[in-house]
Structures are given as structure tokens and as C-alpha cells.
Protein chains: 2
Amino acid sequence: MSMTNNYELYKVFYWAAKTGSLTKAAKNLYLTQPSVSHAIKQLEERFGIALFYRNSKGVTLTQEGAVLYSYIEQSQILISLAEEKMAALKNLDSGELRIGGSDSLFKHYLLPYLEDYHHNHPGIRLHLNHGTTPEIITFLKEGRIDLGVVRMPIHDSQLEVRESIKLQDCFVTGARYAELRGVVLSLDKLLQYPVILFSRNSRARMAITELFQNYGYTLKPEIEVGSVELLIEFARKGLGISYVTREFVAKELEEGSLFEIQLDVQLPPTHVGIMTMRNMPLSRAASSFIALVQ
Amino acid sequence: MSMTNNYELYKVFYWAAKTGSLTKAAKNLYLTQPSVSHAIKQLEERFGIALFYRNSKGVTLTQEGAVLYSYIEQSQILISLAEEKMAALKNLDSGELRIGGSDSLFKHYLLPYLEDYHHNHPGIRLHLNHGTTPEIITFLKEGRIDLGVVRMPIHDSQLEVRESIKLQDCFVTGARYAELRGVVLSLDKLLQYPVILFSRNSRARMAITELFQNYGYTLKPEIEVGSVELLIEFARKGLGISYVTREFVAKELEEGSLFEIQLDVQLPPTHVGIMTMRNMPLSRAASSFIALVQ
DNA sequence: TATTTGTCATAGACATGATCTATAGCTCCT
DNA sequence: AGGAGCTATAGATCATGTCTATGACAAATA
């Protein structure tokens, strides 16, 4: 077997052939001419074939040397391209970033970061995958995404979770129920009003349902809708009281088209968690994005 | 200035990625596992990018590692092909052999060697270039042929000439001049018969013309023909006395369709010379062919 | 024709760095 | 809990890549 096939010799060969001069090759490689001479000799001895004609003006390839060069040239070009590509990846001039999360988190939480990131690194291709929390975790474990953005808590020993901003869910409604403005409601009082919940089996919905159960009540929504947008819209139009994330309705609260219902119990806050695979190096793109978000 | 981008590291990387295991890579490379581990680490530090996920079952490529692999894999495959090709060239399983010479030498001198060589090395492509001696020398110097086969003497300091078999030119004729069989002729007597010479300005023709001049005679051919075949044919048909190389008419002399004219002077013998460029390594194919001929 | 200036080759000294052995830490599986 | 895979780390060793100095040769120059 080819024990010490030093591939380094091919680099020397490449430059010697390309420049037609051992001296020039040496300069390109930051070596001395005898080193290059020695390297070429090694190759020639390994193959048992002369690769160059030596003359007083430099070197030219023999027939066999030209054959070797036709392969080695391509090989060296590929390596150069690889090195350029790696430099680009390091500088975040290229690459891709694959994020998993819910649509609402993308729209209301990640969007400004995504815009910022894309602006600073236009060469990085962004892939957004939406899904439920279990789906996102599966994507992560299958290597289909680099990071997942979901609500805490997450308990999975394979995952590393970074806690990001706190979110507070709350009940909101619009002018139709103006009498509730400034009033502190108990849970059972609240249930006398039509409640609008997110239809999908989201973590937030499970949490609030459980909270009502702990107090001995059953939370059964009058209306179920499929998006945060509709939760907001329905509450504004007076169809009922929507359970939403306060931070996601900041605009409506400020302009007064929605107001928050005060309750006599504290609704539990949740945090956004940024999940990655534990013990797996992050891609440059992913780690720089996480640094941006945190 | 260890600018030394050790390309050897790519080979290690290639095998680590290909086998998905540093241990297996080490076995393939006849190294130890720590060496491979160290090599990968060096690459990762050079790029500032993690290339592998390490886990208890081995290693798998990171996104960036996979990008690198896509280039390096091609590069390594090319190098493998190059090494196979060089081995084939060394074993004379492939390659080409370009010979220059006159048509008559090809046909009457080289043909059996060419057949033999082609039989033993069917992978070597043969290129035959015919031309006059000066043309052959030019071809050699331009690198268009590997060796030239011409008549001696050759005087050119750039060329290395190997003397091959001796050839003896002579005058022959056929039954029409049967009265000359066994007779020793002088040069002037010979000139009373129609002489047939090669039309092209060959070395052989120049030599015989000069010989006649040295004796005070002028050799002027009755007929000039363009090939050795016609020299033979015309002499057989009784059109005159042809000046040919004895070895090239061996068959006709033996079967008696031609006989040699005895002269009272010794015609100078010539040798076949095999020319190559001095100070230039021969291709494997060329040197093995020369060894066969000599 | 002698001189200069370029080329590559050779020899021997040196030091870098590739590789080894030994060991530890980790995860998974029995 | 123990064993059987992995890979990572540390430190010693020595192979070999690289250097300096020099030679031989050829071509351009004067």
C-alpha cells in the first residue's frame, strides 16, 4: 500500500508544472528551490517515471508528467475552491440557516431578528419550518433544522435550551365588552363570556386549560380559530374574549382596539426557548443568529 | 513560515468523513486514532469551523463539513485516478509512442518490432510519422515524436544517437540483364546500363552520387521512382538496375527474381540510427521500445 | 572567448511537527 | 454496574521536510 503518499508533493508538482520553473514554484509555496527539487524527485521515484524535462530555462512536463498534471490540476483547483468556500462560510458570506418554530413566533417574535440577520448576511439562505413543538424537536433530531424556537418549558436531555424573552399570555377583548374594562374578574366569571381559543393543540392552550382545571373549572371555548390573527380580529369584532400572548397584541392594546381583562389569579408566564442539539457543534450561521437574538 | 496548508489533512478528513469514524479512518490510513483526531482538529482550527459531530458511535459531518466534503471527495477521487493512471503508464498498460522515420525503414526494418511491441503492450497507442531525416530531427526537437529512426551518420549535439543494425546498399537487377550475373563491373561499365534511383533527396542517394563523383564519374539515373517498392518492381521487370538496400530485397534475392551486381569497389555500409533528444528523459514507452530494438 | 546570470541538483545539518503510546472521559448496551 | 465501543488529551520521540551552502551546466551578454 501507499504508505506515505504525501499529497503535499502534488501541490509542489502542480506549481512546478504550472509555472514551468522549480524556482518560481518555490516562491509561490514559500519554500526554497532545493526543497521543490527534492519534492519532485520524490514523486518521480515513487512513480518510477520522469515527470519533467530539466533545462537551463526551467522545466517542462514529460508526456507522463502531462498526464499526471491533467488530473492533479483539477484536484488542486477543487481544493482551492473548497478553501474559498470555507472562508466564505466562516465569514457568513454563504451557507444556510434552518429554523423551526410556530408561525406566530416567526411573525411576532423572530421577524425583526430575521430581517436584521438577512440584511447583515445576505449570502445566508434562510429556511423556515413551521410545526408544533414535538414536530420541531423531531426536525432537530433528524438534523433537518439547526435550531428550534418554541415556548418553554422543554425537557429533553438531548436538547440544549436557551431561555429567551418572557411572554405573558392574557385574555383580551374589544369594545363590545367595554363594561369589563378595569374590572377584576374571577375565573368563573370569565367563563360566563364566550372564550375564543387557538384551535391547534398548542402548548399555550394546554397550559390555560390545565390552570382552569386546577381551580375546578372547565375551560371550553365558544370559538376556536386557527391563527393568532383571527384571535385578535374576533376579539376586536366583539365575538368574545381571546386568549392571546400580550406581547403579540401590544399594538392593539396601545391603540385601544383591545384591552386586557384583569383576573384575580396570576396567569403563568412562559419563556421563549431556543433549542439546539446538545453535544453538536452549531453551524456558524446558527450560532451567530443565536447571539443576535440573545 | 509554516504557511504549510498540509494537504495531507484533507486525505485524513476524506477518510474520516467517508467511513464516519476516526478509528476506521486511522486503519485505512495506517495511522493511530489519536493522529486522526489531531489532524481533524487541526483542520477545524484552521477553518475556525467545526467539521464533525462527535458521538459515541463515530463522527458525522456538520453542515459546513458536508460542504467541504463535497469538494474534497472529488479532489481525492481525481488523485486516486491519477495514481492508477501513473501505475498503468509505468506498467506500459497505457500511454503512447511516437516514432518518426522514413516509410522504407518503417516497412522493412521497424515493422516486426512494431508488431511485437504492439502485441506485448496493446494499451500503448502507436503514432508513426514519416519524413526526411531533417524533418524527423525537427519533429524530435519540437517534441512531436519520442524517437526518430534514420540512417547514420547523424551529427547534432542536441541528439543522442544509438547505432542499430548495419545496412548495405547495392545495385540489383532482374532477368533482363542476366548476362551481368556473376560479373564484376567497374563503375563506368555500370553507367552504361540504365540506373534507377530513389527520386527523393534521400541520404542513400546522396551518398552513392558522391561516391561516383569521387571516382570521377557522374551518376545520372535513367528513371527515378518514389518508393522502394517501385525500385524493386522496375528492376524485376527489366527496366534497369536499381540501387537498393540489400536487406530490403532479401526475399527477391533469395527467390532469384533479382540478383546483385558485383562491383570492383566497395560500397560504403550505413547504419540505422535511433535518435532521441539528449538530456531529455525518455518516456517509459520509448525506452522500452528502444530496448526491444537493440 | 570570457563573464555573468540564470537554471536545477546534491550534500549535510537542523528543527519542526507528525505520529506514537498511554490514558481519560463519554455514551450506549448488556 | 460493568463492558465495549467511541473520541480527546498529554507528552515523548523521531522521521522527514526544510534549510544553507555549493556545484554543475546552459544561455545570454560583453
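Everything quoted here is computed from the prediction, not taken from an experiment.
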* Are any of A:T23's side-chain N or O atoms less than 4.0 Å away from OP1 or OP2 of C:dG6? -> no

* **N/O (side chain, A:R54) to phosphate O (OP1/OP2, C:dA9) under 4.0 Å** => yes

* Asked: Can you find a pair of side-chain heavy atoms, one from B:E45 and one from B:K41, that are under 4.5 Å apart?
  -> yes

* Gap between atom CZ of A:F13 and atom CZ of A:F47 - 0.5 Å precision -> 8.0 Å

* Name the residue closer to the 5' end of DNA chain C, choosing between B:T32 and A:G20 according to the nucleotide with the nearest heavy atom. => A:G20

* Take the protein atom CG of B:L22 and the nucleotide atom C1' of D:dT9, then report the distance between them rounded to whole Å. => 14 Å

* Closest heavy-atom contact between A:A286 and A:D146? -> CB-CB, 4.0 Å

* To do: Step by step, work out the side chain to side chain contact (heavy atoms under 4.5 Å, CB included) result for B:I72 and A:I79.
  => CA-CA 6 Å; B:I72 295 303; A:I79 289 176; 4.2 Å; yes

* Asked: Quick one: B:L29 CG to C:dC20 C1', roughly how many Å, whole number?
  -> 15 Å

* To do: Show your working on side chain to side chain donor-acceptor pair (under 3.5 Å) between A:R162 and A:T276 and close with a plain yes or no.
  => CA-CA 8 Å; A:R162 295 160 189 75; A:T276 56; 2.9 Å; yes

* Give the ring-plane orientation class for A:Y69 versus A:Y14, where under 30° counts as parallel, over 60° as perpendicular and anything between as tilted. => parallel

* To do: Starting at atom CG of B:L31, determine the distance to atom C1' of C:dT21, rounded to an integer number of angstrom.
  => 14 Å

* Asked: Is there a donor in the side chain of A:R54 and an acceptor in the side chain of A:S37, or the other way round, less than 3.5 Å apart?
  -> no

* Asked: Between A:I136, A:L97, A:I99, which is the residue that forms a side-chain contact (heavy atoms from CB on, under 4.5 Å) with A:I145?
  -> A:I136

* Dump the intermediate steps for side chain to side chain donor-acceptor pair (under 3.5 Å) on A:S104 and A:Y109, then the final yes or no. => CA-CA 8 Å; A:S104 58; A:Y109 168 59; over 6 Å; no

* Would you say B:S56 reaches D:dG5's phosphate, i.e. side-chain N/O to OP1/OP2 under 4.0 Å? -> no

* **Members of residues 33-42 of chain B that approach DNA chain D, where some heavy atom sits under 4.0 Å away** => B:Q33, B:P34, B:S37, B:K41

* **Close residues, residues 57-69 of chain B, relative to DNA chain C [heavy-atom separation under 4.0 Å]** => none

* Asked: Nearest-Å distance, NZ (A:K24) to C1' (C:dG6)?
  -> 11 Å

* To do: Return the value, rounded to whole Å, for the distance between atom CZ of B:F52 and atom C1' of D:dA8.
  => 15 Å

* Taking CG from B:L51 and C1' from D:dT7, how many angstroms apart are they, rounded to a whole number? -> 15 Å

* When the distance from CG of A:N55 to P of C:dT5 is rounded to whole Å, what number comes out? -> 21 Å

